[in-house]
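Contents: one structure, followed by commentary.
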Amino acid sequence: MTKPRLFSGMQPSAESLHAGNYIGALLQWTELQKTHDAIFCVVDLHAITVPQDPATLREKTRRTAAQYIAAGIDPTVSTLFVQSHVPAHTELAWVLNTITGFGEASRMIQFKDKTAKQGADGASVGLFTYPILQAADILLYDAVVVPVGEDQRQHIELTRDLAQRFNSRFGDTFVVPEVSILKETAKIYDLQNPEAKMSKSSEADNGIIWLLDEPSVTAKKIKSAVTDNERDIRFDPVNKPGVSNLLTLLSVLGGESIPELETEFGGRGYGDLKSATAEAVVAAFSPVRERTLELLDDPAELDRILADSAERADAIARETLARVYERVGFLPRR
């Protein structure tokens, strides 16, 4: 039986992925690749909607791909490629631009939030059309399922709208994807500001657990995590966000449920919880870090893996794009 097609991706916007990326996306991706025809992408075209240093972008792209593989994405099972290696992404995005209303695009919450912070003059047209390129990413591969965080729901709804609009105007062309929101129960928060989601853009590095941190650095960050002035260890995200964040980390990476951990740590102090969490995180991340560094030590082999996957992705994308071009009335090149 043919497996349902899945598409998802991440920007190469940091030297390392963090615990939120790993738990919120990569762990679930590795399971989904067992049941789906999975296509995973390092979305470097999206990364240049803000200023980038070219050499740094290349390095971050390789590092992101290496971490996908080290975390369990198997390039012999899944298709793992770099977005800019498949020209059809930008070619389809232009066609979708022409059926997207200006008002529709301007209502995208992420664009509104970013321009509110940096001003409209500081935002590029690329940032404005970012969700349309994202729609092209998905629709090129006839993806049935798109696993994303809650913050991307609006963009996937736009993708569905554009697919349905194109199909209505030009005939059945695109698969209309389903939104699959990744589990909220495993959301990871900043160690120093546990009311904010762990993010690459956090102001304080000591609040972020990077996959590529030295184990001793990871342990020190966790042992310095903000908790509260109480003593009891219980899962209460509203009143005890710091403790709840540590319990989430320990539960996901240590394999015990949160109720089991609450019982286990009953009557014990925060120091015990921090030590146990640090041990579980280091045990989970150390093999990922080591494998990533191995892959980065042989960039030619890593590039070969990505090029092979890009060939597979390109074959699928070209077929979709040819269908689109024929439907909109472009003259075929002979």
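By the 4.0 Å N-to-carboxylate-O rule, E301 lies close enough to R304 to be salt-bridged with it. Between E15 and R63 there is a salt bridge, with a side-chain nitrogen of the basic residue lying less than 4.0 Å from a carboxylate oxygen of the acidic one. No salt bridge links R107 with E104; every basic N to acidic carboxylate O contact stays at or beyond 4.0 Å. Classification of D213 and R289 as a salt-bridged pair fails, no side-chain N sitting under 4.0 Å from a carboxylate O. In summary, D228 and K240 engage in a salt bridge, as defined by a charged side-chain N under 4.0 Å from a carboxylate O. Ion pairing of R268 with D272 is present here, as a side-chain N (NZ or NE/NH1/NH2) and a carboxylate O approach within less than 4.0 Å.
Judged purely by distance below 3.5 Å, without hydrogens or angles, the side chains of Q83 and D137 pair a donor atom with an acceptor atom. Side-chain polar atoms of T173 and R323 form no donor-acceptor pair below 3.5 angstrom. Between the side chains of D44 and T61, no donor-acceptor pair is found at a separation under 3.5 Å. Using a 3.5 Å distance cut-off with no hydrogens or angles, the side chains of S251 and E256 do not pair a donor with an acceptor.
Contact check for D37 versus T2: no side-chain heavy atoms found under the 4.5 Å cut-off. Residues T292 and L295 have side chains not in contact (no heavy-atom distance under 4.5 Å, counting atoms from C-beta outward). In this structure, S216 and E214 have side chains that are in contact, with non-hydrogen atoms separated by less than 4.5 Å. Within the 4.5 Å cutoff, side-chain heavy atoms of I156 are placed close to those of I138. At least one side-chain heavy atom of Y270 sits under 4.5 Å from a side-chain heavy atom of E230. Contact of the L96 side chain with the F174 side chain is registered, since non-hydrogen atoms from C-beta on lie closer than 4.5 Å. Taking 4.5 Å as the limit, some side-chain heavy atom of R165 sits within range of a side-chain heavy atom of L162. Residues M198 and Y189 are not in side-chain contact: their nearest non-hydrogen atoms beyond the backbone lie 4.5 Å or more apart.
When atom types are taken as modelled, the side chain of E31 and the backbone of L27 share no donor-acceptor pair closer than 3.5 angstrom. Although no hydrogens or angles enter the test, the distance criterion places a donor-acceptor pair under 3.5 Å between the side chain of Q33 and the main chain of D74. Proximity of a side-chain donor or acceptor of E91 to a complementary backbone N or O of R318 within less than 3.5 Å is not detected. Put simply, the side chain of D314 never gets that close to the backbone of V86: no donor and acceptor are under 3.5 Å apart. The main-chain N or O of G20 is found under 3.5 Å from a side-chain atom of H18 such that the two form a donor-acceptor pair. Here the side chain of S309 pairs no donor or acceptor atom with the backbone of T79 at under 3.5 angstrom. Under the 3.5 Å distance criterion, the side-chain polar atoms of R5 are matched with a main-chain donor or acceptor of Y141. In this structure, T30 contributes its side chain and G72 its backbone to no donor-acceptor pair below 3.5 Å. For the pair K274 (side chain) and A225 (backbone), a donor-acceptor distance under 3.5 Å is present. The backbone N or O of F40 lies less than 3.5 Å from no partner atom in the side chain of S8, so there is not a single donor-acceptor pair.
Between H89 and F81, the distance separating the two ring centers is shorter than 6.0 angstrom. Remark: aromatic rings of F285 and Y22 are close, center separation under 6.0 Å.
For L6 against A143, the heavy-atom pair with the smallest separation is C-CB, 4.4 Å. Minimum heavy-atom separation, V82 to C41: C-SG, 4.3 Å. The minimum heavy-atom distance linking S13 with K60 is given by the pair O-NZ, 3.6 Å. The two residues Q11 and K200 have their closest heavy-atom pair at O-NZ, 3.2 Å. Between V146 and P177 the shortest heavy-atom distance is CG2-CB, 3.8 Å.
Using bins of under 30°, 30° to 60° and over 60° for the plane-to-plane angle, the ring pair Y130/H155 lands in the tilted bin.
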**Prompt:** After noting the C-alpha distance and the side-chain angles of H36 and V145, does the key distance pass the side chain to side chain contact (heavy atoms under 4.5 Å, CB included) rule?
**Reply:** CA-CA 9 Å; H36 291 73; V145 180; 4.1 Å; yes
**Request:** Go through the steps to decide whether F265 and L250 satisfy the test side chain to side chain contact (heavy atoms under 4.5 Å, CB included), and finish with yes or no.
**Result:** CA-CA 12 Å; F265 284 92; L250 182 54; 3.8 Å; yes
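Separating the CD1 atom in I305 from the CG atom in D298 is a distance of 8.5 Å, to the nearest 0.5 Å.
Between L191 and the choices I209, V226, I208, the side chain to side chain contact (heavy atoms under 4.5 Å, CB included) rule is met once, by I209.
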